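In this text the structure is predicted, and so the values were computed from the model without any measurement. What's counted below: heavy atoms across the whole structure, side chains too, no hydrogens, waters or symmetry copies. Naming: A, B, ... by sequence-line order, numbering from 1 per chain.
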Amino acid sequence: MSNIDVVITGLGATTPLGGDVASTWDGLLAGRSGVRAIEADWVEKFDLPVKIGASLAEEPTERIPRVQARRLDRCEQVALIAARQAWADAGFAEQTEDHTDVEPERLGVSIGSGIGGPVTLLTQDDQLEEHGIRKVSPLTVPMLMPNGPAAHVGIDLLARAGVHSPASACASGAEGIATGFQMIQSGRADVVVAGGAEACIAPITIAGFAQSRTVSTRNDDPEHASRPFDTERDGFVLGEGSGAVVLERADRAQARGARIYARLSGWGITSDAYHITGNHPEGIGQIAAMTHAIQMAGLTSADVGHVNAHATSTVVGDVGEAAAIRKAIGDHPVVTAPKSALGHLVGGAGAVEAITTILSIHHGIVPATLNLENLDPKVELDVVAGEPRKAQLTAAISNSFGFGGHNTALLFTAA
Amino acid sequence: MADKAEILSGLAEIVEEVAGVAQDDVTSEKSFVDDLDIDSLSMVEIAVQAEDKFGVKIPDDELANLKTVGDAVDYVAANSK
């Protein structure tokens, strides 16, 4: 690995708490919940046991013109919104063939997605069944493919150094950022727009997760359904949204006088090779991911003052991660679990949570874990509850783990 | 057979719905690709909607010959029932 320093100069997001980074961050600090009843007739039609989700606070079509929106799956729409925000936040203007702030050949994209556009696949299958091939959209394939979000962002920003779309379930967004980091460190790009996107709240995904018994059924009390580390937790809440960051060579960012939020100093990616949905009981993959990130950054575990936990609010997963954090780092970090407010954005989660980790370093404050009323005694960690906590942070880790045994830890340090 | 002015007007509605081109800009001499910036995917959508609206069949090898809006109007006028 080279010694090219990589910094974060732009942030963008659309989430269940708000249509941009500022409203999402304000919502987290204010302790607002993005979880609500799913307003769709199919909940009753299929008598689904899960009737809650964390849908977007702002419809993507409010920011994307109608004609462009109709060519994009919802997951592509949210990726485009987050990427454009991050791009503008970095101080860059719209890229055209006549004007570019970043040379297209030195600009990359790395935006992951868990499953791409299943809703497009299903609606077009309905068209085929009901009306025949004439009514199947010619945009079906580009709207359902999981590289669609990254590809559309690449076209929009004129990125020609390569477009990647890691698919590692709930770790996809974090792996997107780690991949972007590698693109810069290997010399392929100077700037990479990286993150993740997901928008798949639909009958089949809700039904599938419900059948795997991993989602909360606290239907009568949506705002209190996602409660990581709490004794009464009963599963995660499916959400939708996207996050994107602008990763930039530090020397380039400094030369143009860019605002630098934080430095991306290390990452760890491991795989459990154990079970398709369950964590390894000893947490070996999670521990190794965090340890690798710390080693790559040239730090020790004592330096890590904050962990933005993956913690989805499942009975088994939260306890496993808590033990892994203790083993890899210790019990000193200030821990928070943003899925308590955001729900689980699947492929978008790792990216949005990387952003909240970056903002915790940047602003010196860690949002509270919502709904944490009684800390599970097996969670022997300093989890922030009630009010946000001020903390001067030099280094923080954001964890993201996914079905398939994917483990990604991103380590950010103060600029 | 439908009047050519009516066909043009109906086609312009479809083009606006699919590709976002203002109806007033959809005039006979315009090329779908070069002037109206319509890609091959949108052309398929426009053709399917035109078939439904005007009761014509537009086979793929015919669609490839419809370069301008005027070509499409003439084809529909000649082939609609």
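- Of residues 35-42 of chain B, those residues lying under 4.5 Å from chain A by any heavy-atom pair are Asp39(B), Leu41(B), Ser42(B).
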Under the salt bridge (charged side-chain N to carboxylate O under 4.0 Å, His left out) criterion, do Glu45(B) and Arg71(A) qualify, and how do the steps go?
CA-CA 11 Å; Glu45(B) 284 193 276; Arg71(A) 295 172 65 95; 5.2 Å; no
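- Here the closest heavy-atom approach between residue Arg134(A) and residue Asp52(B) is recorded as NH2-OD1, 2.9 Å.
- Open room surrounds CG on Asp60(B); 12 or fewer heavy atoms of other groups in view lie less than 6.0 Å from it.
- Counting heavy-atom neighbours within 6.0 Å of Glu94(A) CD, excluding the residue itself, gives a total of 12 or less.
- Listed in order of number, the residues of residues 16-31 of chain B that approach chain A to under 4.5 Å between heavy atoms are Glu16(B), Glu17(B), Val18(B), Ala19(B), Gly20(B).
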